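Quick caveat: nothing in here was measured; it's all calculated off a predicted structure. Side-chain atoms are counted along with the backbone in the values below, which use heavy atoms only and exclude waters and symmetry mates.
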Amino acid sequence: MASVFLLQADLCAADRLRQTIEAVPGMKVAHVASTLADARLALSAVTFDVVVTDLWLRDAASPALMQTLAASLRHGRTRVLAIAMSGDDPRLLEALRCGADGYFAMSRFATTLPEAIEQVLRGESTMSSQIAREVKRYFDAHAFETTDFVSETQNPLCLSDNERMLLQWIGEGYLPSEVARGLQLSARTIGLGIRNIYRKLQFHRQADTLSLAA
């Protein structure tokens with residue numbers, strides 16, 4: 001049974017999301033909170049499989065919200081799924097940089113929320129064309145040279161050729177499932193590839209933080 005922590009500012013919306021999630025066998029909303037203060041208390045006492053969170057709360061907004069969640073969950077295996085009104089929400093990229101494992105766009109049919117939860121629990125993610133273009137521009141503007149000790153494929157600050165191709169295809173409007181067919185890869189491979197790109201975004205942010213601290 002996958003335990004879900006639902007963090008939503010609107011409790012009425014949270015109730016609708018809870019019903020959607022619990023309509024799927026094997027999923028249970030174990031806790032609902034509407035503020036970051038309440039979330040901190042619950043997360044310090046219980047371990048959940050996934051936190052499904054709004055990007056704005058009464059006492060916090062992205063990126064402060066994501067930074068706090070990332071700090072609270074860094075020692076566990078809890079995944080974070082950000083919820084936005086659409087895949088073009090400008091706050092999404094920053095949420096992904098700050099530690100979100102994936103996202104769900106409310107503009108899609110609500111019945112796909114459990115699918116998004118299952119996806120992040122498998123270690124996969126999805127990506128819209130807008131986010132793909134923004135991510136590609138970000139990495140193009142923050143290029144890091146490889147060293148004698150780390151190859152490009154091993155460098156957490158660099159995209160591999162395959163990852164760049166993935167961003168290119170999605171940025172041109174192809175769905176991840178279409179990219180999988182076009183490259184003759186499994187949907188899981190594409191989902192894992194997208195999640196790895198998000199991890200590299202998070203490595204970049206950590207590197208920026210260390211540089212500022214130094």
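Results of the side chain to side chain contact (heavy atoms under 4.5 Å, CB included) test with L167 over E134, M127, R137 single out M127 as the only residue that passes.
At least one donor-acceptor pair closer than 3.5 Å links the side chain of E22 to the backbone N or O of V29. R188 places a side-chain N or O within donor-acceptor distance of the main-chain N or O of R122, the cut-off being under 3.5 Å. The closest donor-acceptor contact from the side chain of S125 to the backbone of I194 lies at 3.5 Å or more, if one exists at all. Between the side chain of T112 and the main chain of E115, no donor-acceptor pair closer than 3.5 Å is present. No donor-acceptor pair closer than 3.5 Å links the side chain of R195 to the backbone N or O of G102. Under a 3.5 Å cut-off, the side chain of D49 and the backbone N or O of S3 do form a donor-acceptor pair. Of the possible donor and acceptor atoms, none in the side chain of Q119 sits under 3.5 Å from a partner among the backbone N and O of Y103.
Ring pair H31/F48 is tilted by interplanar angle, where 30° to 60° counts as tilted.
A side-chain donor-acceptor contact under 3.5 Å links E172 and Q168. Using modelled atom types, one finds no donor on one side chain facing an acceptor on the other under 3.5 Å when comparing R16 with Q19.
Note: the hydrophobic cluster containing L121 also contains L6 (ILVMFWY, side chain heavy atoms under 4.5 Å, direct or indirect links).
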Report task. Take R164 and D140, measure what salt bridge (charged side-chain N to carboxylate O under 4.0 Å, His left out) needs, and give me the verdict at the end. Result -> CA-CA 10 Å; R164 288 189 176 279; D140 287 344; 2.9 Å; yes
